[in-house]
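Some notes on the structure that comes next.
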Amino acid sequence: MTTPANKARLILSLRSAGITNITVLSAIERIPREYFVPETFRDQSYENIALPIGYGQTLSQPLVVASMIEALEVNNRVKLLELGTGSGYHASILALLCRRVYTIERHRPLLAEAESRFKKLDLNNITTKAGDGMKGWPEQSPFERISVTAASDSPPSVLLEQLAIGGIMIIPIGGPDRTQVLTKIRRTEQGFDTEDLMKVRFVPLVSGLAEN
Ligand code: SAH
């Protein structure tokens, strides 16, 4: 069952796993994860596990979502680009913490569902696009933050170019068959500083709009 007790337990387990940022934890607490998961998995909404969302895609494990958001160091002045809207869960939490969230998804039906959740939750600072996120969103760039929720062999150079100087990108690096590492890339005046955060397992970033 999705009870407040389950939610409280999840928040506690995120804290004991090292998520200390209170602003991030309270944003996670405010977004009902059960809105984002298919009916059959609703009773597992507050388990610390990844859940399927259809089209072969998954909603990430809460600890991974929390770690990514904490590492993004967001604030309410930030304009952020997310690649891989999926269910819209991650974007919804980010919308509470950022000035504006731009999010791109290659599966139109997933995007449509996510958009209806944003509306239901009254999140008005999210702009969506059905398309290939690997091209970024040049018209809106540069972005102070870029959050990529699908894995890539290396950071796509198009996205690095759309990151503002002083900006941060979080992206899982690695192929589907080998270990992926959640990577934090900070753009400086001189170039890019890279830091490995944790081992993760994400679906791959796939180019082009899906045919559905
Ligand atoms: N952040 C999502 C979960 C992401 S799963 C959530 O909170 O639910 C990864 C998503 O990335 C999938 O929905 C997949 O379709 C999408 N994706 C993969 N490659 C993409 C690309 N090139 N452009 C846009 N979306 C992409």
Side-chain angles (χ1 to χ4, degrees), residues 10 24 27-28 30-38 41-42 44-69 71-72 74 80-98 101-118 120-121 123 126-138 140-141 143 145-160 162 169-176 180 182 200-212:
L10 175 65
V24 171
I28 292 173
R30 278 173 62 194
I31 297 297
R33 195 168 184 251
E34 68 269 25
Y35 283 15
F36 297 82
V37 304
F41 297 103
R42 211 147 281 170
Q44 296 172 59
S45 300
Y46 292 99
E47 301 293 319
N48 192 12
I49 52 172
L51 292 169
I53 54 171
Y55 303 91
Q57 308 304 321
T58 50
L59 169 51
S60 311
Q61 185 195 359
L63 178 59
V64 173
V65 175
S67 302
M68 287 185 82
I69 294 178
L72 278 164
V74 289
L80 176 143
L81 174 66
E82 180 197 46
L83 304 185
T85 317
S87 68
Y89 178 68
H90 205 138
S92 297
I93 297 167
L94 288 167
L96 297 180
L97 302 167
C98 300
V101 172
Y102 292 84
T103 182
I104 307 176
E105 172 56 54
R106 63 186 294 277
H107 286 285
R108 285 184 195 278
L110 283 179
L111 190 64
E113 284 179 51
E115 284 166 341
S116 69
R117 292 170 182 134
F118 300 152
K120 189 168 165 186
L121 292 168
L123 299 168
I126 305 177
T127 309
T128 60
K129 178 155 100 173
D132 182 1
M134 282 169 108
K135 297 188 176 125
W137 200 321
Q140 291 298 339
S141 73
F143 295 94
R145 302 290 185 270
I146 300 181
S147 176
V148 186
T149 56
S152 177
D153 280 337
S154 61
S157 55
V158 176
L159 299 182
L160 292 173
Q162 293 182 22
M169 184 191 308
I170 304 290
I171 179 169
I173 296 293
Q180 299 167 2
L182 195 60
V200 285
R201 199 160 183 84
F202 276 80
V203 295
L205 202 55
V206 178
S207 63
L209 188 63
E211 289 183 7
N212 49 32

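Atoms within each ligand, like the ligands themselves, are counted from 1 in listed order. Computed from a predicted model, the values in this text were never measured in an experiment. Only this structure's heavy atoms are used, side chains among them; waters, hydrogens and symmetry mates stay out.
Comparing heavy-atom distances from atom 18 (C) of ligand 1 across Pro172, Gly133, Pro204 singles out Pro204 as nearest. Looking at Leu205, Thr149, Val206, it is Val206 that brings a heavy atom closest to atom 22 (N) of ligand 1. For atom 25 (N) of ligand 1, the choice among Glu82, Arg117, His107, Arg106 with the nearest heavy atom turns out to be Arg106. Among Gly131, Gly84, Ser92, the residue whose heavy atom lies closest to atom 10 (C) of ligand 1 is Gly84.
Relative to the six-membered ring of Tyr46, Arg33 misses at least one condition, a distance below 6.0 Å or an angle of at most 45° to the axis.
For atom 8 (O) of ligand 1, the nearest non-hydrogen atom of the protein is Ser87 OG, 2.6 Å. Closest to atom 7 (O) of ligand 1, if we only count protein heavy atoms, is His90 N, 3.0 Å. If you check which protein heavy atom lies closest to atom 5 (S) of ligand 1, you get Thr58 O, 3.2 Å. The nearest heavy-atom contact from the protein to atom 13 (O) of ligand 1 is Glu105 OE1, 2.7 Å.
Nearest heavy-atom pair, Val203 versus Gln57, reported as atom, atom and distance to 0.1 Å: CG2-OE1, 3.1 Å. In terms of heavy atoms, Glu82 sits closest to His90 at OE2-CB, 3.3 Å. Taking each heavy atom of Gln162 and Trp137 in turn, the nearest pair found is OE1-N, 2.8 Å. Closest heavy-atom contact between Phe202 and Ala150: CD2-N, 4.1 Å.
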- List the steps and the verdict of side-chain contact (heavy atoms from CB on, under 4.5 Å) for Thr149 and Leu83. CA-CA 6 Å; Thr149 56; Leu83 304 185; 5.9 Å; no
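The local environment of NZ in Lys135 is sparse, with at most 12 non-hydrogen atoms from other residues, nucleotides or ligands closer than 6.0 Å.
Polar contact with ligand 1: absent for Ser207 (N/O pair, distance under 3.5 Å). Looking at Leu110 next to ligand 1, no N or O pair under 3.5 Å apart turns up.
Listed for the Ser152 side chain is a donor-acceptor partner under 3.5 Å among the backbone atoms of Ser154.
Side-chain contact between Thr103 and Thr127 is absent, with no heavy atoms from C-beta onward closer than 4.5 Å.
Within the 4.0 Å heavy-atom shell around ligand 1 one does not find Leu209.
Only the side chain of Gln57 comes within 4.0 Å of ligand 1, counting heavy atoms alone; its backbone N, CA, C and O stay farther away.
Every atom of ligand 1 with a heavy atom of Leu59 under 4.0 Å away is listed here by number and element: 6 (C), 7 (O), 8 (O).
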